[in-house]
Structures are given as structure tokens and as C-alpha cells.
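Keep in mind the model is a prediction, meaning the values are calculated, not measured.
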Amino acid sequence: MGMGGLRILGIETSCDETAAAVVHRREDGTGEILSDVVLSQLDLHAAFGGVVPELAARSHVSVLDRLVSEALADSGVALGDIDAIAVTSGPGLIGGLMVGLMTAKAIAMAMALPFLGVNHLEGHALTARLTDNVAFPYLLLLVSGGHTQIVLVNGVGDYERWGTTIDDALGEAFDKTAKLLGLGYPGGPAVEQAALSGVPRRFRLPVPMRRDPRLDFSFSGLKTAVRQMAEAEAPLSDQTIADLCLAFQLSVTASLDDRIAMALERFSQRFGTGSRPALVVAGGVAANKAIRTTLEARAGKAGFRFIAPPLNLCTDNAAMIAWAGAERMAAGLPFDGLDLAPRSRWPLDEAATALIGHGKRGAKA
Ligand code: KG4
Ligand code: ZN
């Protein structure tokens with residue numbers, strides 16, 4: 001391992017994964033993951049059908065120190081050779097964020113290291129540069145349990161949110177649909193699995209937001225439509241459940257395709273497609289094969305490369321936080337003080353959204 005570049009320790013505790021990682025950003029801008037430890041709390045929350053914030057925070061407290069030690073040991077980098085500590089400081093569950101922040105601050109203070117509070121969404125947004133060295137600008141579709149956004153990634157710290165959900169996040173819609181059909185948590189994989197044996201066109205659901213010029217998403221109406229059909233069909237046979245899952249997934253896929261087609265067109269009008277720009281997908285829902293296939297075909301048709309980072313880097317992890325810290329540091333952006341507070345809501349394009357009145361408290365981040 002050469003001595004150049006930056007070695008960053010990253011910590012992530014914003015939701016239901018406790019994670020620590022060490023990432024190396026070389027002077028030429030390429031990256032390598034030296035260690036990446038993630039502990040999912042899935043089993044802890046499964047019985048409740050969703051994440052319980054208090055349980056999540058307590059679990060982060062009990063495992064984070066050990067995970068940080070493991071990440072350092074796996075990386076082969078001594079704490080004394082780390083260049084900075086990066087930690088998710090929002091958006092997310094406040095209790096969990098506080099656990100990560102206090103740990104990161106303690107290490108930074110003890111080792112006199114620079115300290116960076118990273119926006120979790122910026123971690124997702126920049127991952128494609130770690131995995132694929134993607135050049136700016138590019139278009140990001142972030143689809144997870146907490147977020148559904150189309151983001152123009154112009155540069156480090158320079159984002160434009162082109163669209164977001166006006167109600168449920170897409171992963172949340174999968175989870176709620178699964179729950180009302182009696183499938184397990186998390187619902188995404190269960191719905192995808194059931195849809196494989198579904199009969200097409202037995203149920204027809206609307207395609208939310210089709211051709212709406214705002215580029216936003218909406219999924220709660222779809223979930224309600226599934227509930228009404230399920231109630232009318234009760235008691236539900238396995239076949240009916242499968243047919244409803246397929247109808248739901250087809251509507252979701254058609255809606256994503258419609259929104260992304262419009263976003264790619266807008267991108268092309270502004271930047272052209274001469275350099276074969278990238279459409280990047282991130283978030284847990286990116287695991288869905290029907291969604292991936294649809295997006296890949298749409299990107300190809302529009303003259304874009306399609307980039308889906310490996311699944312362990314699409315879902316929540318600390319490598320993306322360490323990497324975002326490295327990118328910020330390399331770009332000369334300022335460090336944070338040890339008085340930095342966690343933020344439950346923190347839109348990526350804060351300056352822009354403040355002007356038009358979005359992203360305030362109460363709005364979805
Ligand atoms: O990014 P992620 O691991 O966690 C956060 O939301 O932060 O995403 C989890 C979400 C859950 O809502 C889960 O149901 C959904 O991603 N998901 C899927 C699939 N696998 C996971 N949704 C649809 N199809 C899948 N195969
Ligand atoms: Zn996430």
C-alpha cells in the first residue's frame with residue numbers, strides 16, 4: 001500500500017445498520033475499500049414490522065465500539081495513520097445518529113484528527129465514484145426504505161434534487177404492501193418473490209404520476225388500491241397474493257420508468273449525451289430485478305450507461321460515508337467542529353430547496 005492519498009474511518013448509525021469502514025482515496029481520485037463491517041438489526045425489528053428507534057439506538061451503543069475496532073483491524077491501517085473521521089450526522093433517527101456522532105467525536109478528539117459530519121444521502125450519491133470512478137455530472141436514482149429521489153450529482157457538495165416522493169418512500173411502499181398481504185418484513189424481497197408466480201393483468205393498478213412534469217413520485221395511493229382489492233378478495237389465496245404483488249410491482253416499475261425517462265431527457269437537453277453519461281441507482285430497492293432490468297433498458301435507450309453498485313454498497317454501509325468524507329476532504333471543503341449536532345432532516349441540496357420552500361422540518365428528506 002502506498003502512502004499517498006487519504007485514509008478515512010467512516011461510521012454509520014442513522015437507521016438499522018451499525019457500520020464502520022476504512023476507505024482509501026488515491027491521489028488520482030480512485031478509491032479502494034480497506035475494510036467494511038456492517039451489522040444489520042433486521043432480526044431485532046422484524047417482530048415489529050419496522051424499525052423501532054429506541055431499540056435501534058440501544059443496539060448501536062452496544063456494538064459500535066467493537067465494529068470500529070474490527071474495521072480498523074481488517075483494514076491493516078493503524079489509527080495513527082488515519083487522516084480523518086467521517087460520520088453520518090443526518091438525515092436519520094436522532095438517537096442512532098447521536099451514538100455515531102459521540103463515538104466519532106471521541107476518537108477525533110483523542111487522536112487530534114479532523115472530523116467530518118456527512119450527509120447520509122451524499123454517501124449514497126457518491127458511491128458510484130468509489131466503485132466505478134464515474135465522472136460528474138451524473139444522474140442518481142435513490143430508492144430505499146426512507147428515500148425516493150432523483151438527484152443531479154454535479155460535483156462534491158453540489159447536488160440538485162429533481163424529484164422526490166410526495167408521500168411514502170418506495171421501500172416503505174413495498175414493506176406496507178407486503179404487510180397488508182400477510183408477507184414478512186422486509187417486504188421488498190417477499191413481494192418480488194411472490195410476483196414471480198403472479199398472473200399478469202388479473203388486477204390492474206394505476207401508474208402513479210405518469211407524465212407529471214414535476215418528476216416526483218407517489219406510492220401511497222397504490223398501496224391503498226392494493227388494500228381495497230385485497231379486502232374485496234378476502235380470504236386471500238396464495239395465487240391472489242401473487243397476482244396482487246405482480247400488479248403492484250408492474251405499476252411501480254412503470255412509474256419509475258416514466259419518471260426516469262423524463263429525467264434522462266432533461267439531463268440530455270442540458271448536458272448532451274456525447275460523453276455517455278451515467279444513470280446510477282442506489283438504495284435497498286435497487287436489489288429488485290424487475291426494477292433493475294427496466295432502468296437498464298431505459299438508460300440504454302436514452303444513450304446512458306447504467307451503473308448499479310454491488311448490493312452491499314447500495315444498502316446502508318460505512319464505506320460510502322468514509323468515501324464521501326474523503327471526497328469532501330480532497331475537494332477542500334471545510335471540516336466540522338466537535339459541537340456538530342445531528343439532524344433528523346437534511347436535504348442534499350439545502351441552498352436550492354430553502355429558496356423554493358421545500359426540505360423544511362416536516363417535509364420528507
Ligand atoms: O437501503 P436500505 O437497505 O435501507 C434503508 O432504507 O435505509 O433499503 C431497505 C428497503 C426496504 O424497504 C426493503 O423492503 C427494500 O429496500 N428492498 C426491496 C428489495 N430488497 C430490499 N424492495 C423491492 N425489491 C427488493 N428485492
Ligand atoms: Zn440509506
Side-chain angles (χ1 to χ4, degrees), residues 1 5-25 31-46 51 55-90 92-93 95-108 110-111 113 115-124 126-131 144-146 186 282-284 286-287 309-327 329 342:
M1 184 163 50
L6 298 167
R7 285 168 192 80
I8 311 290
L9 170 65
I11 292 176
E12 157 66 42
T13 55
S14 67
C15 190
D16 59 348
E17 262 94 29
T18 318
V22 178
V23 163
H24 176 205
R25 188 185 185 280
E32 98 188 273
I33 297 173
L34 302 179
S35 66
D36 179 19
V37 190
V38 183
L39 197 74
S40 172
Q41 302 177 357
L42 213 58
D43 297 341
L44 181 66
H45 304 291
V51 179
L55 292 182
R58 285 168 185 250
S59 177
H60 290 310
V61 170
S62 64
V63 299
L64 182 55
D65 288 358
R66 173 167 64 79
L67 291 199
V68 169
S69 302
E70 266 180 48
L72 282 167
D74 288 0
S75 73
V77 180
L79 188 50
D81 292 329
I82 293 285
D83 295 296
I85 313 280
V87 59
T88 306
S89 57
L93 301 170
L97 292 169
M98 283 173 65
V99 176
L101 273 169
M102 295 315 291
T103 301
K105 287 176 182 179
I107 299 170
M111 301 300 295
L113 283 173
F115 167 78
L116 284 149
V118 168
N119 185 317
H120 178 89
L121 302 171
E122 182 167 43
H124 281 302
L126 297 176
T127 298
R129 288 172 53 77
L130 166 62
T131 57
S144 72
L311 216 58
N312 65 314
L313 295 175
C314 271
T315 57
D316 289 351
N317 65 88
M320 71 178 189
I321 303 305
W323 175 253
E327 291 258 78
M329 205 169 154

K.L.:
So, does Glu70 use its side chain to make a donor-acceptor pair with the main chain of Leu72 at under 3.5 Å?
P.N.:
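No; zero donor-acceptor contacts below 3.5 Å.
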K.L.:
Quick one: does Trp323's side chain have a donor or acceptor within less than 3.5 Å of a partner on Gly31's backbone?
P.N.:
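Answer holds: no.
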K.L.:
Run the side chain to side chain contact (heavy atoms under 4.5 Å, CB included) check on Leu34 and Val23 step by step: do they pass?
P.N.:
CA-CA 5 Å; Leu34 302 179; Val23 163; over 6 Å; no
K.L.:
Under 4.5 Å between any side-chain heavy atoms of Leu67 and Leu39, yes or no?
P.N.:
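Heavy-atom side-chain distance check passes, below 4.5 Å.
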K.L.:
For the OG atom of Ser89 and the CG atom of Leu116, what is their distance to the nearest 0.5 Å?
P.N.:
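That separation rounds to 9.5 Å.
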K.L.:
Is the side chain of Ser35 donor-acceptor paired with the backbone N or O of Asp74 at a distance under 3.5 Å, no angle test?
P.N.:
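The answer is no, because no donor-acceptor pair under 3.5 Å joins these two groups.
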K.L.:
Within this structure, what is the CG-OG distance for the pair Asp316 and Ser144, rounded to the nearest 0.5 Å?
P.N.:
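Here the rounded value is 6.5 Å.
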K.L.:
Can you list the steps and then say if Met98 with Thr13 is a side chain to side chain contact (heavy atoms under 4.5 Å, CB included)?
P.N.:
CA-CA 8 Å; Met98 283 173 65; Thr13 55; over 6 Å; no
K.L.:
For the CG atom of Asp16 and the OG1 atom of Thr315, what is their distance to the nearest 0.5 Å?
P.N.:
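The distance works out to 10.0 Å.
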K.L.:
Are Val118 and Val87 side-chain neighbours, meaning at least one heavy-atom pair lies under 4.5 Å?
P.N.:
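Result no, sub-4.5 Å side-chain heavy-atom pair not found.
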K.L.:
Look at the side chain of Asn317 and the backbone N and O of Met320, then say whether any donor-acceptor pair between them is shorter than 3.5 Å.
P.N.:
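Looks like yes, one N/O pair under 3.5 Å.
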K.L.:
State which residues pass salt bridge (Lys or Arg N to Asp or Glu O under 4.0 Å) with Glu327; sequence neighbours excluded, sorted by chain then number.
P.N.:
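Glu327: salt bridge (Lys or Arg N to Asp or Glu O under 4.0 Å) contacts with Arg25, Arg129.
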K.L.:
Nearest 0.5 Å, please: how far is CD in Glu32 from NE2 in His24?
P.N.:
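Going from NE2 on His24 over to CD on Glu32, the span is 6.0 Å.
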K.L.:
Taking all non-hydrogen atoms of both residues, which atom of Gly325 and which atom of Ala86 are closest, and how far apart?
P.N.:
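Minimum heavy-atom contact is CA-CB, 4.0 Å.
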K.L.:
Tell me, do Pro309 and Cys314 make a side-chain contact under 4.5 Å, heavy atoms counted?
P.N.:
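With C-beta onward as the side chain, the pair touches.
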K.L.:
Could you check if a side-chain atom of Cys15 sits within less than 4.5 angstrom of a side-chain atom of Val51, using non-hydrogen atoms only?
P.N.:
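Yes. Closest side-chain heavy atoms under 4.5 Å.
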K.L.:
Tell me every residue that passes side-chain hydrogen bond (donor to acceptor under 3.5 Å, both in side chains) with Thr18, counting only those two or more places apart in sequence or in another chain.
P.N.:
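In terms of side-chain hydrogen bond (donor to acceptor under 3.5 Å, both in side chains), with neighbours along the sequence ignored, Thr18 is linked to His60.
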K.L.:
For the residue pair His45 and Ala56, what are the closest heavy atoms and their distance?
P.N.:
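In terms of heavy atoms, the two residues are closest at CE1-N, 3.7 Å.
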K.L.:
With sequence neighbours excluded, what pairs up with Leu44 under the side-chain contact (heavy atoms from CB on, under 4.5 Å) test?
P.N.:
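Testing Leu44 for side-chain contact (heavy atoms from CB on, under 4.5 Å), a comparison that skips the adjacent residues, returns Gln41, Leu55, Ser59.
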K.L.:
Test Leu9 against Ile107 for side chain to side chain contact (heavy atoms under 4.5 Å, CB included), laying out the working first.
P.N.:
CA-CA 10 Å; Leu9 170 65; Ile107 299 170; 4.2 Å; yes
K.L.:
Mind listing the closest non-hydrogen atom pair of Ala19 and Leu64 along with its distance?
P.N.:
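Heavy atoms only, the tightest pair is O-CD1, 4.4 Å.
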K.L.:
Does Asp83 reach the main-chain N or O of Ile8 with its side chain, forming a donor-acceptor pair under 3.5 Å?
P.N.:
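Looks like no, no N/O pair under 3.5 Å.
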K.L.:
Could you measure the distance from the OG1 atom of Thr127 to the CD atom of Glu122? Nearest 0.5 Å is fine.
P.N.:
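Between Thr127 OG1 and Glu122 CD, I get 10.5 Å after rounding to 0.5 Å.
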K.L.:
Between Leu79 and Met111, is there a side-chain heavy-atom distance shorter than 4.5 Å?
P.N.:
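Yes. Closest side-chain heavy atoms under 4.5 Å.
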K.L.:
Could you report the tightest heavy-atom contact between Ala324 and Gly123, atom names first, then the distance?
P.N.:
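That closest heavy-atom pairing would be CB-CA, 4.1 Å.
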K.L.:
Has Thr88 got a side-chain atom pairing as donor or acceptor with Gly90's backbone, closer than 3.5 angstrom?
P.N.:
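No, Thr88 side chain to Gly90 backbone: no donor-acceptor pair under 3.5 Å.
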K.L.:
For residues Gly96 and Ala57, report the shortest heavy-atom separation together with the two atoms involved.
P.N.:
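That closest heavy-atom pairing would be N-CB, 3.9 Å.
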K.L.:
Let's go through Thr103 and Asp65 carefully: what are the C-alpha distance in whole Å and the side-chain angles of both, what is the deciding distance for side chain to side chain contact (heavy atoms under 4.5 Å, CB included) to 0.1 Å, and is it a yes or a no?
P.N.:
CA-CA 8 Å; Thr103 301; Asp65 288 358; 4.0 Å; yes
K.L.:
Side chains of Leu93 and Ser14: closer than 4.5 Å at any heavy-atom pair?
P.N.:
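Counting from C-beta outward, Leu93 and Ser14 never come under 4.5 Å.
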K.L.:
Taking all heavy atoms of Ala104 and all of Ile85, pick out the closest pair and write down the distance.
P.N.:
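For Ala104 versus Ile85, the nearest heavy atoms are CB-CG2, 3.7 Å.
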